[in-house]
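Side chains are part of it too, since the values below use all heavy atoms of this structure and drop only hydrogens, waters and symmetry mates.
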Amino acid sequence: MSLVQDSPSPCRRRPADGRTPEPGGRRLPPYLPFVAALTLATCLQWLGSSAVLPLLPLYLRRQGTSDAMVGAVMAAFFAAGVVAQYLGGRLGDRIGHRPVLLIGLVGYAVASAGFLLPLAGPGYAVLRAGQGAAAGAAQVAMLALVTGAVPAAVRGRAISAVFGGELAGVAIGPLLGSLLGVSRMATLFLVASGAALLAGLPVLVIRRRPGSGGSASATADPVAADPAVAGTPPAGTSARVRLPRTGPAGRALVGVMLSAVASGVLTGVYEACWTLLLDYRHAQPWQIGASWTLFALPFVLGAPIAGWVADHYDRRLLVVVGLLVSVGFALAYPWIGDVTWLIGLGAAESLGVAFAVPAAQSLLGQAAPADRIGQAQGLFASIQTAAIAGTALVSGALFAVAAWWPFTLAAVVALALTGLLPWVWRGTSGWIGHPDGRAG
């Protein structure tokens, strides 16, 4: 389950780049420091943002914002991300994904600090949109960096590590927010801003490995050889290269995009209505924060196993099963009156999500051309974010009618989309390693 790969032989052999192997025939792969830096960066960013997120709907209510406007403010984050994620991915393919990541982190810090200004509902929506645009571009750049730098055989584990860092931040942030409470939201906005700036430090510090400047060592070093990591566009990139639309690769991408819509619909209802549902069940602020933390912890603990499974088993099956698990929970939540059960079931659902995310991302990275990784990641993120935004926008109004309406509608839509995946993925392989796609 480690990102450190075994040597192909039990004998100690000198690598092609001339570096001495570690004792026991193992050496640290060159992409590992980059994955570690990105994991730390995403942990810091999400620690700050998640400290604000669970209490933001309650804060907006105290500022005189209606439930419908609360949904609109939450949806603004994702609506802005729809455009920013796709454009950020395309821009990263041209200028390098690291600069896009840094710009996104700084932009998120500025937008978070803006919440300190005296504003009304529309003003909050504008700032939330700024956060969404910045966070969306940063997320796409982060995933493109991982996909471009890590071999396919261990990509699931690398992606799980980065998402595990994200959920580790989500596990800590809400606890901090619940301790400070809605009355000290100004402090939380500053925390979110400062954490985003700190997240840029690991990205700035990590460098290409020493000795990667020459052609021989550069080709042996996947980090140095990857132009997205180095911050320069791919040499000889043709503007005519497109994402595959037909054949197995095209069907694989279409299926991944459908899974993005399904997961986005489910996420959107939680973004707008999870806190409202807990408040409707008379949950205390600390319980609301704890629910986010307890959702994140199983994901963090299960991420290494989920990444390993995605690298060794049929990733299509993992995506379908993970989505079906989430659909079942979404149908059940509005009918559960006990807050403790709601929090506990949310934690259980996290395990299904933990297995589906690296599987979908690994499928995406394998099906997309190497010099269009940013575009593919941007398209996936934009589609998912559009689904989140649309669902969040209507969920607030539906919740005002009946608490079960938004959860049930989202579950039905996600179930219909998930049911299409086996048909769309016919003739494709979900395995890695052998010519037929099956792992060894």
Value for OG1 (T147) from CD (Q361), rounded to nearest 0.5 Å, stands at 6.5 Å

Fill in: Working for side-chain contact (heavy atoms from CB on, under 4.5 Å), residues F355 and V325
CA-CA 11 Å; F355 280 85; V325 168; over 6 Å; no

Note: S50 and L47 closest approach over all heavy atoms is OG-O, 3.4 Å

- Do any N or O atoms from the side chain of R426 and from the backbone of W423 form a donor-acceptor pair under 3.5 angstrom? yes

Would you say W425 and L363 make side-chain contact, with heavy atoms under 4.5 Å? yes

Requested in this report: Decide yes or no for V394 and P406: does some side-chain heavy atom of the first lie under 4.5 Å from some side-chain heavy atom of the second?
Outcome: no

- Just say parallel, tilted or perpendicular for the rings of F407 and Y270, cut-offs at 30° and 60°. tilted

The reported gap from NE2 in H97 to CG in L143 (rounded to nearest 0.5 angstrom) is 10.5 Å

Closest non-hydrogen contact found for W405 with L398 is CB-O, 4.0 Å

Is there a donor-acceptor pair closer than 3.5 Å between any side-chain N or O of W308 and the backbone N or O of R157? no

Rounded to the nearest 0.5 Å, the CD atom of Q377 sits from the CG atom of L145 at a distance of 10.0 Å

On a heavy-atom basis, the closest approach of A168 and C43 is CB-SG, 4.2 Å

Considering only heavy atoms from C-beta outward, does the side chain of L87 approach that of R90 to under 4.5 Å? no

side-chain contact (heavy atoms from CB on, under 4.5 Å) between V269 and L409: does it pass, once the steps are laid out? CA-CA 9 Å; V269 73; L409 183 60; over 6 Å; no

### Message
Using only atom types and a distance under 3.5 Å, with no angle test, would you say the side chain of T391 pairs donor to acceptor with the backbone of G268?
### Response
no

Q: For side-chain contact (heavy atoms from CB on, under 4.5 Å), just list the numbers for S382 and V83, CA-CA rounded to whole Å, side-chain angles, deciding distance to a tenth of an Å, and then say yes or no.
A: CA-CA 7 Å; S382 292; V83 177; over 6 Å; no

Please verify the inter-ring angle class for Y333 with W274; under 30° counts as parallel, over 60° as perpendicular, anything in between as tilted.
perpendicular

Does L105 reach the side chain of L197, with side-chain heavy atoms less than 4.5 Å apart? no

Quiz item: Hey, does L324 have a side-chain heavy atom less than 4.5 Å from the side chain of L415?
Solution: yes

query: Does the side chain of F163 reach to within under 4.5 Å of the side chain of P358, using non-hydrogen atoms?
result: no

(message) Tell me whether the rings of Y124 and Y59 are parallel (<30°), tilted (30 to 60°) or perpendicular (>60°).
(response) perpendicular

Nearest heavy-atom approach of L102 to G200 is CD2-O, 3.7 Å

Exercise. Does any N or O in the side chain of R315 come within less than 3.5 Å of the main-chain N or O of G430, such that one atom is a donor and the other an acceptor?
Worked result: yes

Kindly determine whether L421 and R316 satisfy side-chain contact (heavy atoms from CB on, under 4.5 Å), including the steps that lead there. CA-CA 8 Å; L421 291 179; R316 301 167 303 174; over 6 Å; no

query = Side chains of L364 and M257: closer than 4.5 Å at any heavy-atom pair?
reply = yes

The side chain to side chain contact (heavy atoms under 4.5 Å, CB included) partner of S291 among I343, L277, T275 is I343

> Taking the side chain as C-beta and beyond, is there a heavy-atom pair between L323 and S259 under 4.5 Å?
Replying inline: yes

Between S350 and F299, is there a donor-acceptor pair closer than 3.5 Å when you use the side chain of the first and the backbone of the second?
-> yes

Here the gap from I383 atom CD1 to Y86 atom OH, rounded to the nearest 0.5 Å, amounts to 10.0 Å

Notebook entry, point to check: Between the main-chain N or O of W431 and the side-chain N or O of D314, is there a donor-acceptor pair closer than 3.5 Å?
Noted result: no

Using modelled atom types and a 3.5 Å cut-off, is there a donor and acceptor pairing between side-chain atoms of S263 and backbone atoms of A260?
yes

* Taking T385 for the side chain and A381 for the main chain, is one N or O donor matched with an acceptor at less than 3.5 Å? -> yes

Heavy atoms of R98 and V203 approach each other most closely as NH1-O, 3.0 Å

- Query: If only atom types and distance count, is the side chain of S362 paired as donor or acceptor with the main-chain N or O of A359 below 3.5 Å?
  - Reply: no

Rounded to the nearest 0.5 Å, the CG atom of L198 sits from the OG atom of S193 at a distance of 9.5 Å

In short, L297 meets A171 closest at the heavy-atom pair CD2-CB, 4.0 Å

The reported gap from CE in M142 to CD in Q45 (rounded to nearest 0.5 angstrom) is 6.0 Å

